[in-house]
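Presented below is the structure to which this report refers.
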Amino acid sequence: MSDSSAEAKSSKNFLEEIIDKDLAEGRHTSILTRFPPEPNGYLHIGHAKSINVNFGLAKKYGGETNLRFDDTNPITESTEYVQSIKRDVEWLGYEWKQELYASDYFEKLYEFALKLIRDGLAYVDDSTSEQIAALKGTPTTPGTNSPYRDRSPEENEELFKRMRDGEFPDGSRTLRAKIDMAAPNMLMRDPVIYRIKNAHHHRTDDKWCIYPTYDFAHGQSDAIENITHSICTLEFMPHRPLYEWFIEKLGLFPSRQYEFARLNLSYTVMSKRKLLQLVNEGHVESWDDPRMPTISGLRRRGYTPAAIREFCNRIGVAKRDNLIDVSLLEFCAREDLNRIAERRMVVLDPVKLIITNFPEDKTEMLPSENNPEDEQSGEREVPFTRELLIEREDFMEDAPRKFFRLSPGRNVRLKSAFIITCDDFKKDEKGEVTEIYATYHPDSRSGSDTSGIKAKGTLHWVSASHAVPVEVRSYDRLFNVEDPAGEEGEITDYINPDSLVTIPQAWAEPAILDDLKEKSGSAKHFQFMRKGYYYEDISSTAEKPVFNQTVGLRDTWAKQKGK
RNA sequence: UGCCCGGUCGUCUAAAGGCAGGACAGCUGGUUUUGGUCCAGUCAGUGGGGGUUCGAAUCCUCCCCGGGCAACCA
């Protein structure tokens with residue numbers, strides 16, 4: 001795992017400063033963190049930041065990290081999500097110390113609740129959720145005590161046991177912590193800590209019909225595991241006093257909660273609810289649609305774990321709200337892919353190029369380096385013949401001075417092959433170019449060029465008779481505004497209609513067939529020369545190869561044209 | 001108009017009373033058989049007013065702006 005950027009950075013984030021201090025003052029001798037997903041959806045790049053913070057910090061200080069599923073709400077949770085989360089964390093390259101579940105502690109949490117009851121710090125409330133809400137007050141007005149607030153510990157204990165025994169219907173009673181209905185922090189106004197849900201739980205089956213709330217489960221779970229630093233996102237900040245209240249009243253290990261700003265990425269959304277909406281309403285194919293900011297979507301798109309980790313290291317950790325430019329993510333992808341992706345030539349939008357002075361029946365095999373950034377990657381052979389295919393956009397009838405590609409009378413280098421001179425071309429009735437004619441210079445052969453001819457540009461190409469058809473999918477941002485969640489109306493009002501462009505038939509050099517996952521076992525990352533980085537889609541087969549564009553190459557020519 | 005956070009280049013993020021620095025993005029050039037990579041350079045910031053201090057992004061104060069908080073969600 002490369003932590004180069006994290007190591008190169010000498011400055012520390014606020015969490016590192018806290019840990020330094022805790023270690024220096026002897027508050028802790030080692031650190032233990034946890035990553036606590038709720039198994040009710042797929043992980044996204046925002047979770048990757050959290051994973052990187054929790055696992056990364058622990059690793060940096062020689063500590064460890066537990067993976068703990070926060071499974072206190074059986075209605076929304078399932079083992080399907082547990083599986084996908086474990087897969088994603090592993091794929092990102094992290095190892096957890098223990099795989100744990102809040103549900104492992106249900107019996108212990110029940111005992112904790114009994115202790116609060118006996119200490120006069122919790123009571124059974126017969127109010128409906130509407131009544132509780134009505135008495136809660138508002139941020140600017142204090143709440144009112146529940147009529148059930150002063151029940152005796154004995155009565156509370158009996159009722160709570162009967163709740164567990166399944167004597168009452170869903171929603172009819174709750175257990176509440178007895179704190180302060182006038183607290184300025186709404187969460188301290190006698191929060192509900194147990195509720196009745198006659199629901200099947202993915203791990204405890206039908207053993208329980210009462211379930212603890214997040215607030216009554218999370219801090220205690222941390223304490224049970226001796227988590228030293230419980231790191232979460234900013235929206236949990238108001239929960240911290242409650243977190244500390246339970247630990248204090250129950251006399252548990254003093255885990256402490258710290259909050260950082262969650263990741264926001266431009267041109268996408270980052271909440272599970274909104275991502276689920278995109279899936280349910282069919283705006284994307286699935287959770288792992290390559291346009292989704294989910295880990296599974298990024299993986300399918302061709303992002304690498306190293307690229308995502310590097311991104312997380314570069315964005316930093318702080319407490320101010322942020323909206324990270326997606327170009328940084330793309331930069332990290334290109335940086336890693338440039339290093340590892342083998343180059344191939346693939347023509348996306350073909351036009352025929354005929355080398356008039358090359359024999360019709362001849363095929364010349366030309367070696368081409370797989371990756372100029374990696375000498376170990378070796379070479380492959382590319383067949384060169386009289387009839388080739390090049391990109392339609394690489395030819396111009398009337399080209400401006402700065403167009404370094406093919407045009408009548410001009411020279412161009414065919415990558416790993418020869419320099420050619422364009423002599424002529426043919427158009428159809430509609431004015432569309434159908435064939436381009438050129439002569440090649442035999443003494444300009446790549447690697448042994450003695451021609452002395454200069455060529456400004458280099459084009460990628462494939463032999464028409466050897467080219468293999470592949471489907472290529474190109475992606476653009478899912479939304480056409482930077483912060484869709486911050487706009488008026490529905491996020492779906494801002495969906496980019498061109499976020500997926502499918503090219504059913506592009507033409508690849510034959511070498512690509514050898515590296516299809518059906519043959520080699522796993523998909524490889526490629527750079528389609530002069531186009532971008534591509535990764536075989538999960539739907540791809542040897543009969544019908546399909547490639548997703550991970551990210552395009554930086555394109556300064558496109559920028560120039562735009563001016 | 002309650003309480004709690006926060007505000008440094010376009011975007012992130014450093015600077016713990018002592019030269020406002022880095023990255024991405026942008027722009028210029030150089031190298032290049034990918035208009036890629038690489039290299040060099042460049043543009044660009046402390047929300048505002050007062051105060052403390054020899055000296056303030058940093059401390060105090062008032063204001064402005066942004067976010068969060070009224071699930072039996074997490």
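Being a predicted model, the structure only gives us computed values, none of them experimental.
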Where the side chain of Asn73(A) is concerned, which of rG35(B), rC73(B), rG36(B) is the nearest nucleotide? rC73(B)
Please give the distance between the P atoms of rU52(B) and rC39(B) as a whole number of Å. 49 Å
Base partner of rC54(B), which must satisfy Watson-Crick or wobble distances under 3.5 Å: rG18(B)
So, Phe418(A) versus His441(A), ring centres under 6.0 angstrom or not? no
Considering only atom P, compute the distance from rG66(B) to rC60(B) and round it to an integer number of Å. 24 Å
Over all strands shown, is Thr128(A) touching base, sugar-phosphate only, or nothing at heavy-atom distances under 4.0 angstrom? base
What's Thr556(A) touching, base or sugar-phosphate or nothing? Going by heavy atoms closer than 4.0 Å. sugar-phosphate
Is the closest side-chain donor-acceptor distance between Arg195(A) and Thr213(A) under 3.5 Å? no
Could you check which of rU33(B), rG2(B), rA25(B) has an atom nearest any side-chain atom of Ser327(A)? rA25(B)
Taking the C1' atom of each, how far is rC4(B) from rU28(B), in whole Å? 48 Å
What distance, rounded to whole Å, do you find between the two P atoms, one in rG45(B) and one in rG21(B)? 12 Å
If we take the C1' atom in both rG55(B) and rA74(B), what is their distance in whole Å? 49 Å
Rounded to whole angstroms, how far apart are CG on Asn322(A) and C1' on rG67(B)? 12 Å
Expressed as a whole number of Å, how far does the P atom of rC63(B) sit from that of rG68(B)? 23 Å
Charged tip of Arg344(A) within 45° of Phe526(A) ring normal and under 6.0 Å: no
From CG of Asn13(A) over to C1' of rC12(B), roughly how many Å is that when rounded to an integer? 14 Å
In whole angstrom, what separates His239(A)'s NE2 from rG68(B)'s C1'? 10 Å
Rounded off to whole Å, could you give me the CZ-to-C1' distance for the Phe69(A) and rC73(B) pair? 18 Å
With the side chain defined as heavy atoms from C-beta on, Ala318(A) is closest, among rU13(B), rA74(B), rC72(B), to rU13(B)
Is the ring centre of Tyr214(A) under 5.5 Å from the base ring centre of rA74(B), and are the two planes under 30° apart, so that they stack? no
Does Tyr81(A) have its ring centroid less than 6.0 Å away from the ring centroid of His202(A)? no
Describe the nucleic acid contact of Asn185(A) in one word from base, sugar-phosphate, nothing, applying a heavy-atom distance below 4.0 Å. nothing
Just to be sure I understand the rule, does Arg344(A) reach a base, reach only the sugar-phosphate, or reach nothing, if contact means heavy atoms closer than 4.0 Å? nothing
From the candidates rU37(B), rG35(B), rA74(B), the one with an atom nearest any side-chain atom of Glu38(A) is rA74(B)
Distance below 4.0 Å between Arg320(A) side-chain N/O and rG7(B) OP1 or OP2: yes
Side chain of Phe331(A) only, please: which of rA25(B), rA70(B), rG2(B) is the nearest? rA25(B)
When the distance from CE of Met186(A) to P of rC72(B) is rounded to whole Å, what number comes out? 10 Å
Checking all strands, does Arg334(A) fall into the base, sugar-phosphate, or nothing category for heavy-atom contacts under 4.0 angstrom? nothing
Got more than 12 heavy atoms from elsewhere within 6.0 Å of CZ, Arg256(A)? no
Just by distance, do the side chain of Arg392(A) and the backbone of Asp349(A) share a donor-acceptor pair under 3.5 Å? no
Closest of rA74(B), rC24(B), rC5(B) to the Arg314(A) side chain is rC24(B)
Does any nucleotide pair with rG66(B) by Watson-Crick or G-U wobble geometry, both distances under 3.5 Å, and what is it? rC5(B)
Would you classify Arg554(A) as touching base, sugar-phosphate or nothing, given that sugar-phosphate means primed atoms plus P, OP1 and OP2, and contacts are heavy atoms under 4.0 Å? sugar-phosphate
Quantified in whole Å, what is the P atom distance between nucleotide rG26(B) and nucleotide rU11(B)? 15 Å
Rounding to the closest angstrom, what is the interatomic distance between rC27(B) and rC43(B) at atom P? 16 Å
Side-chain N,O (Lys559(A)) to OP1/OP2 (rG26(B)) below 4.0 Å: yes
May I ask you to check whether Phe236(A) and Tyr243(A) place their ring centres under 6.0 Å from each other? no
Could you please name the option among rA71(B), rA14(B), rA74(B) that lies closest to any side-chain atom of Ser11(A)? rA14(B)
Nearest to side-chain heavy atoms of Arg195(A), which nucleotide of rG35(B), rG36(B), rC73(B): rC73(B)
Would you mind pulling out the nucleotide paired to rG29(B), Watson-Crick or G-U wobble, both distances under 3.5 Å? rC39(B)
Out of rC24(B), rU33(B), rU11(B), which nucleotide sits closest to the side chain of Asp325(A)? rU11(B)
